[in-house]
Amino acid sequence: MSLAIETACIHGNGQLEKDHPYRSIITPIFQVATFAHPGIGRSSGYDYSRVGNPTRHDLEQVVNELEHGRGCLATTNGMSAIWLALELLPPGAHIVASEDLYGGSVRLFDLLKENRDIDVSYVNTSHEDEVRTAIGEDTKALYIETPSNPMMEVTDLAEMRKIADEHGLLLIVDNTFLSPYFQNPIDLGADVVVHSGTKYLEGHNDTLAGFVITRNEELYERLEFIYKTVGPCLAPFDCFLVLRGIKTLAIRLEKQQENAQKIARWLKSHPSVTDVYYVGLEDHPGYEVSKKQARGFGAMISFRTVDRQTAEKVLEKIKIITFAESLGGVESLMTYPMIQTHGYIDTKVREKLGITDTLLRLSVGIENAEDLIADLEQAFIG
Ligand SMILES: Cc1ncc(COP(=O)(O)O)c(C=O)c1O
């Protein structure tokens, strides 16, 4: 039976068809390293938790279903998920990536350059001609964040698929910012989707998690082999937390997006704000592409203040909104990308992208929108 997304968030683990011990209506936490063999050459279905664990299995099934995948692996955090996906590439491979990427992903690419001679060209992937120009003989993959972090650039994924097909490339998409509630990159042609499950999927700022989802079994099998060999497996209790978080993904994201729309419009009219980067504003350059490929605009806003003093004042004075480095949870968080999420990026590159001392990023939570606006208002006054 095909389920609507709100239903799949709750029952997507096949719960309806499944008998958990004592008919528990949620997936129990199988906090166990190993499983007894019923006999020689026989298995209960689980032998050792690095290879498979029932709590993790249910979580992987739910996320796989939400992302319309053919296989999913739950990892310790988003970075290990991205690392795992990039293990698909041979040493010496070249990647064309979105230039506006989470700073940790850039750090990983630098590490891969050192360890495996993997080269990355960073371009504005919302401009297809830049992507085409950057492709060379050794290019093996396109790596896309859309909307990007923190400048909210939107990349047309169907166009990326066309380019990937022309050159035989793997299309890898980080879908953290919109989550499968709003966007399914596999439906748009992605081969591999990665997530920081720490963000919207888990949604409560209380555990780290990551996911890799593939569009076919072959890719899944290659990744699963690496996964079980190296073991970046999400622990059973963390799987339980993410399973619980996902149950409310739909209502959280609807509320977060509604709040974000109101706050983005309010910020736009504020005299101390010069620019607002929110994909859901009609004048955002990625608005039309986003409408075509996603079911919503999400709840991430970046904005630019008139000067550095104002940005610092806002960070120091906010009371309900917390100055902290993450996103996607029920609590609204404000980040200073220049020194936090993108502190690793070379200053010149950062400045070129617009990640300067006046840029703030707001992850809108599920609090009352008027309270959040009042909090921002008093912070701007100082
Ligand atoms: C878009 C994006 N991808 C990946 C990551 C890494 O995820 P994690 O912190 O769970 O390792 C982050 C973290 O902020 C992120 O924002």
Side-chain angles (χ1 to χ4, degrees), residues 59 63 67 72-86 95 97-112 120 122 125 143-155 157 172-183 185 190 192-213 232-235 238-239 241-242 245-246 253 256 277 279 294 298-302 322-329 331-345 350 353 355 359-364:
L59 173 62
V63 174
E67 276 295 13
C72 169
L73 294 158
T75 62
T76 49
N77 54 55
M79 289 320 303
S80 55
I82 298 170
W83 164 82
L84 181 62
L86 296 173
I95 303 172
S98 306
E99 60 184 359
D100 181 37
L101 275 191
Y102 169 55
S105 305
V106 176
R107 188 168 51 208
L108 175 63
F109 285 140
D110 286 354
L111 186 70
L112 293 177
V120 183
Y122 297 99
T125 51
Y143 183 91
I144 312 289
E145 261 184 36
T146 182
S148 66
N149 181 5
M151 299 309 298
M152 311 296 159
E153 296 274 359
V154 176
T155 295
L157 290 177
I172 305 173
V173 179
D174 182 333
N175 199 29
T176 300
F177 265 35
L178 284 186
S179 93
Y181 183 66
F182 284 134
Q183 178 167 272
V192 180
V193 174
V194 292
H195 273 281
S196 169
T198 315
K199 317 299 186 199
Y200 289 102
L201 285 166
E202 202 283 331
H204 294 77
N205 287 316
D206 54 17
T207 192
L208 300 176
F211 296 97
V212 184
I213 306 103
C233 317
L234 193 62
D238 294 347
C239 291
L241 286 175
V242 186
I246 288 175
L253 275 169
Q256 283 172 281
Y277 309 92
V279 184
M300 294 301 297
I301 304 171
S302 290
T322 308
F323 175 24
E325 184 166 3
S326 196
L327 64 110
E331 296 90 0
S332 294
L333 302 182
M334 197 179 284
T335 302
Y336 203 9
M338 179 186 76
I339 56 163
Q340 293 180 302
T341 49
H342 293 70
Y344 176 79
I345 311 283
R350 231 175 28 217
L353 295 173
I355 307 170
L359 187 81
L360 296 174
R361 193 190 75 184
L362 177 61
S363 167
V364 181

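All ligand and atom numbering here is 1-based and tracks the order in the structure. Quick caveat: nothing in here was measured; it's all calculated off a predicted structure.
A donor-acceptor pair is defined here as one N or O able to donate and one able to accept, closer than 3.5 Å; no such pair exists between the side chain of E67 and the backbone of V63. A donor-acceptor pair is defined here as one N or O able to donate and one able to accept, closer than 3.5 Å; no such pair exists between the side chain of S363 and the backbone of S332. Put simply, the side chain of H204 never gets that close to the backbone of V242: no donor and acceptor are under 3.5 Å apart.
Legend: residues meeting salt bridge (Lys or Arg N to Asp or Glu O under 4.0 Å) with E331, ordered by chain and number and at least two apart, are absent.
Using a heavy-atom distance under 4.0 Å as the criterion, the protein contacts of ligand 1 are N77, G78, M79, I82, Y102, E145, N149, D174, T176, S196, T198, K199, A209, L327.
Ring centroid separation for the pair Y200 and F182 does not come in under the 6.0 Å cut-off.
Note: N149 CG to R361 CZ = 4.5 Å, rounded to the nearest 0.5 Å.
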